Amino acid sequence: MWSPGFRTMTRRFGNAIRKERFVVALVALLATYAFFFEYLPPFKRVQLWSDVAGYHYPLQSYAFQALKEGRIPQWDSSIYCGISFIGNVQAALLYPPTWLMYAAVWTLPRIPFKALELFTFLHVWLAFLLCYLWLRGRSGKLPSVLGSAVFAWTGYMVCQVLHFGVLGAMTWMPLALWGVDEAVARRNWRPLWKVAAASALSFLAGYPAAWIVNCVIVVVYALGSRRHWRAALGVCVALLASIPLFLVQLLPALEARSFM
């Protein structure tokens, strides 16, 4: 039996962790808004361009309109003279956050481009938060904040806001690395559910090449841990376990490819 004093201390420690995470999430959200303020009301002066405007938005607009009409978007006759929509991985139709975006604007007659921009920027914020949670288990507050800022607000992440599939895959990578650290520290396989979840979400985000890169990074990271081969084996099992989670997208894509 734990003493009342120990339970009180544990409860206070848990409350402190939750408070810290809430504050970091809120401040990071404000910082992300400040970083992209020119794209967002009331300071909007510019908008995202390239693939996010010319490729991803038409796909999301078509899918949203089809769902509003009460049908599943299975075929897109407008792009490349007609291709399978449900089999187009880059459409990210089965990516769970996509459905949250649809729900947020469901009362509107069509999905505004601003919703897709906001959806993109929220992934940058989420990337910061997940990276902070991962690094916080290894270091102090300031190094975790600085490391997360480098990951989310500079370099490759910012470059890829125009290519949502890559951005989405990168967003979930810290979740997988966090799961590896927890599994190694606790000598328990259970935290590897984070690896499986991150793998499935990275694939469903719409760019399988980025998902493959993520898998390689996580396996190599596990090999560099204290548990070496055992950790890497656990990660491989978790990655294999993630495949049934995204078969709903993989199978239509393979079927569509068979007709090429």
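All residue numbers in this chain count up from 1 along the given sequence. Predicted model only: the values in this text are computed from it and were never measured.
Both Ile217 and Trp211 belong to a single network of hydrophobic side chains, linked directly or stepwise wherever heavy atoms of I, L, V, M, F, W or Y lie under 4.5 Å apart. Taken together through direct or relayed side-chain contacts under 4.5 Å among Ile, Leu, Val, Met, Phe, Trp and Tyr, Leu245 and Tyr207 form parts of separate hydrophobic clusters. In the hydrophobic clustering of this structure, Phe121 does not group with Leu100; members are Ile, Leu, Val, Met, Phe, Trp, Tyr whose side-chain heavy atoms approach within less than 4.5 Å, directly or through other members. A single hydrophobic cluster is not seen to contain both Leu146 and Tyr132; linkage of ILVMFWY side chains at heavy-atom distances under 4.5 Å, directly or through other members, places them apart. The hydrophobic clustering, which links ILVMFWY residues whose side-chain heavy atoms are closer than 4.5 Å, places Phe151 and Tyr156 together.
Within a 6.0 Å sphere centred on CZ of Arg187, other residues, nucleotides and ligands contribute 12 heavy atoms or fewer. For CZ of Arg230, the number of neighbouring non-hydrogen atoms (other residues, nucleotides, ligands) closer than 6.0 Å is 12 at most.
At distances below 3.5 Å, at least one donor-acceptor pair connects side-chain atoms of Asn214 with backbone N or O atoms of Ala169. Here the side chain of Trp99 pairs a donor or acceptor atom with the backbone of Leu93 at under 3.5 angstrom. Proximity of a side-chain donor or acceptor of Thr120 to a complementary backbone N or O of Leu116 within less than 3.5 Å is detected. At distances below 3.5 Å, at least one donor-acceptor pair connects side-chain atoms of Lys44 with backbone N or O atoms of Val46. Panel note: side chain Tyr57, backbone Glu117; no donor-acceptor pair is recorded below 3.5 Å.
Within the model, atoms CH2 of Trp153 and CZ of Phe128 stand 4.5 Å from one another, a figure rounded to the nearest 0.5 Å. The CD atom of Glu20 lies 8.0 Å from the OG atom of Ser144; values are rounded to the nearest 0.5 Å. Residue Phe113 holds its CZ atom at 5.0 Å from CD of Gln47, rounded to the nearest 0.5 Å. Atom OG1 of residue Thr32 and atom CG of residue Leu122 lie 8.5 Å apart, to the nearest 0.5 angstrom.
In this view, Leu126 and Leu130, Thr171, Trp172 satisfy the side chain to side chain contact (heavy atoms under 4.5 Å, CB included) rule, not counting sequence neighbours. Legend: residues meeting ring-ring contact (aromatic ring centres under 6.0 Å, His included) with Phe119, ordered by chain and number and at least two apart, are His123, Phe164.
Sorted by first then second residue, the side-chain hydrogen bond (donor to acceptor under 3.5 Å, both in side chains) pairs that include residues 251-260, not counting sequence neighbours, number zero.
Ionic pairing of Lys194 and Glu182 is present here: one or more N-O contacts between side-chain nitrogen and carboxylate oxygen are shorter than 4.0 angstrom.
Note on ring orientation: taking the six-membered ring where Trp is involved, the planes of Trp106 and Phe64 are perpendicular (angle over 60°, cut-offs 30° and 60°).
Side chains of Tyr102 and Gln60: a donor-acceptor N/O pair is present below 3.5 angstrom, by distance only.
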